[in-house]
Amino acid sequence: MRISALLGLIALVIKKMEAMTPWMDGGGKQEQPQDEGTAYNNLELGSYDPNLDNYDLSNYEEKVIKSDYGVLTPTTEVGTLAPPTTRASTKTMMATMAPRTWTAITTPSISSLLNALTAQGKLKRIDLSGNSISTIEDDAFLLPALQELIIPENKLVSLPRLPGSLVRLDAQLNNLQSPGILPESFRELKKLQFLYLSDNKLDYIPVPLPSSLRSLHLQNNHIQMIPEDIFCNAQDHTYIRRALEDIRLDGNPINLSLFPNAYFCLPRLPIGSYT
């Protein structure tokens with residue numbers, strides 16, 4: 001009697017344990033993972049089109065770097081070489097050479113970099129700062145849309161011909177001499193607003209200056225005199241040159257107080273020595 005009762009109790013415990021096994025294993029039947037092909041087949045791709053030809057890439061900008069070996073390399077980094085762009089639709093296109101790698105600029109030597117950018121006439125900015133450039137071919141930068149030519153800290157003794165589209169010319173910290181600037185180089189630059197020629201070897205202010213000019217930096221040159229009509233109209237004392245508000249002549253061997261008739265039309269007196 002006792003043996004049968006014990007066997008019945010054992011059978012009951014076993015039955016209870018079998019009933020609890022699914023809960024101990026995590027609660028129910030586990031799902032088997034789908035194979036990789038099945039998973040991709042179940043993705044909802046909507047209107048995705050893998051063909052790039054159907055997308056408008058006109059606003060994509062590709063950075064072009066000119067290496068020391070002449071190779072044009074696409075990149076998204078902006079390093080010592082400037083970020084020129086090659087897409088036709090970009091609003092600003094520019095090219096910058098790495099410092100201390102160039103000694104001369106001629107049309108053939110920069111053609112590999114500029115040809116792609118000038119093909120559609122949209123190169124607007126060139127930066128050649130901090131190289132060792134001593135010569136530039138006369139027509140190297142006659143580009144129809146060029147607005148900024150940045151060439152400070154080189155070894156230039158003369159300037160090339162400049163495009164009429166130019167807004168800013170920065171040629172500071174060179175060896176520019178007055179004979180190296182073509183007569184009336186700036187007369188036809190009707191859009192020129194910023195002219196920076198400080199820290200050179202100029203003996204006089206290059207003339208004539210366009211009426212569009214707003215800022216003229218000539219400090220630390222060899223200028224000793226200022227013609228009366230260089231800024232103003234000597235025949236018309238009612239003339240006011242409102243645009244030209246920033247003139248620097250400090251660091252030149254000149255007493256600006258000796259040339260009062262040269263400034264009467266200006267909104268501000270030039271910065272420099274008056275003693």
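Because the structure is predicted, anything quoted here is derived from the model rather than measured.
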Q. Same cluster or not: are Leu209 and Phe194 linked, directly or through other Ile, Leu, Val, Met, Phe, Trp or Tyr residues, by side-chain heavy atoms under 4.5 angstrom apart?
A. no
Q.
Is any side-chain heavy atom of Leu249 closer than 4.5 Å to one of Ile205?
A. yes
(Q) Are Leu166 and Val207 connected into the same hydrophobic cluster when the rule is that any two of I, L, V, M, F, W, Y join if their side-chain heavy atoms are below 4.5 Å apart? (A) yes
Q | For the student: nearest non-hydrogen atoms of Asn175 and Lys201, plus distance | A | OD1-CE, 3.9 Å
Q. Which pairs count as disulfide (SG to SG under 2.5 Å) when at least one residue sits in residues 122-220, sequence neighbours excluded?
A. none
Q) Of all residues at least two apart in sequence or in a different chain, which pass the side-chain contact (heavy atoms from CB on, under 4.5 Å) check with Ser273? A) Thr275
Q: Check the pair Phe141 / Leu128 against side chain to side chain contact (heavy atoms under 4.5 Å, CB included), numbers first and verdict last.
A: CA-CA 12 Å; Phe141 298 126; Leu128 295 166; 3.6 Å; yes
Q.
Ile126 and side-chain contact (heavy atoms from CB on, under 4.5 Å): which single residue from Leu143, Ile150, Ile151 fits?
A. Leu143
Q | Residue pair Met225 / Ile223: nearest heavy atoms and the distance that separates them | A | O-CG2, 3.6 Å
Q) Would you say Gln147 and Leu192 make side-chain contact, with heavy atoms under 4.5 Å? A) no
Q: State which residues pass side-chain contact (heavy atoms from CB on, under 4.5 Å) with Leu202; sequence neighbours excluded, sorted by chain then number.
A: Leu176, Ser178, Ile181, Leu197, Asn200, Leu218, Asn221
Q | Pairwise side-chain contact, Pro208 with Phe186, heavy-atom cut-off 4.5 Å (strictly under) | A | no
Q. For the residue pair Asp246 and His217, what are the closest heavy atoms and their distance?
A. OD2-NE2, 2.7 Å
Q: With side chain to side chain contact (heavy atoms under 4.5 Å, CB included) as the test, would you mind laying out the steps for Leu216 and Phe231 before giving the verdict?
A: CA-CA 11 Å; Leu216 175 64; Phe231 302 126; 3.9 Å; yes
Q) Is Leu159 close to Leu169 at the side-chain level, that is, under 4.5 Å between some pair of heavy atoms? A) yes
Q | Pair Asn220, Asp199: side-chain N/O donor-acceptor within cut-off below 3.5 Å | A | yes
**Q.** side-chain hydrogen bond (donor to acceptor under 3.5 Å, both in side chains) contacts in which one or both residues fall within residues 160-173, not counting sequence neighbours
**A.** Glu148-Arg168, Asp170-Gln172, Gln172-Ser198
Q. For Leu189 and Leu195, what are the C-alpha separation, side-chain angles and deciding distance, and is it a side chain to side chain contact (heavy atoms under 4.5 Å, CB included)?
A. CA-CA 11 Å; Leu189 304 187; Leu195 180 56; over 6 Å; no
Please set out all donor-acceptor pairs under 3.5 angstrom arising from side-chain atoms of residues 259-269, sequence neighbours excluded.
from	atom 1	to	atom 2	distance (Å)
Asn261	ND2	Glu228	OE2	3.3
Tyr263	OH	Leu256	O	3.0
Arg268	NH1	Glu245	OE1	3.2

Q. Do the side chain of Asn252 and the main chain of Ile254 share a donor and acceptor less than 3.5 angstrom apart?
A. no
Q: Could you tell me whether a side-chain N or O of Asp127 sits under 3.5 Å from a main-chain N or O of Ser129, the two making a donor and an acceptor?
A: yes
**Q.** Smallest separation among heavy atoms of Lys191 and Ser212, with atom names
**A.** C-OG, 3.7 Å
(Q) List the residues meeting side-chain contact (heavy atoms from CB on, under 4.5 Å) with Lys190, not counting sequence neighbours, and say none if there are none. (A) Glu188
Q: For the pair Leu182 and Asp138, evaluate side chain to side chain contact (heavy atoms under 4.5 Å, CB included) and give the outcome as yes or no after the intermediate values.
A: CA-CA 10 Å; Leu182 297 174; Asp138 194 45; 4.2 Å; yes
Q. How far apart are the closest heavy atoms of Pro160 and Glu137, and which atoms are they?
A. CB-O, 3.7 Å
Q | Leu156 vs Ile133 side-chain heavy atoms within contact, under 4.5 Å | A | yes
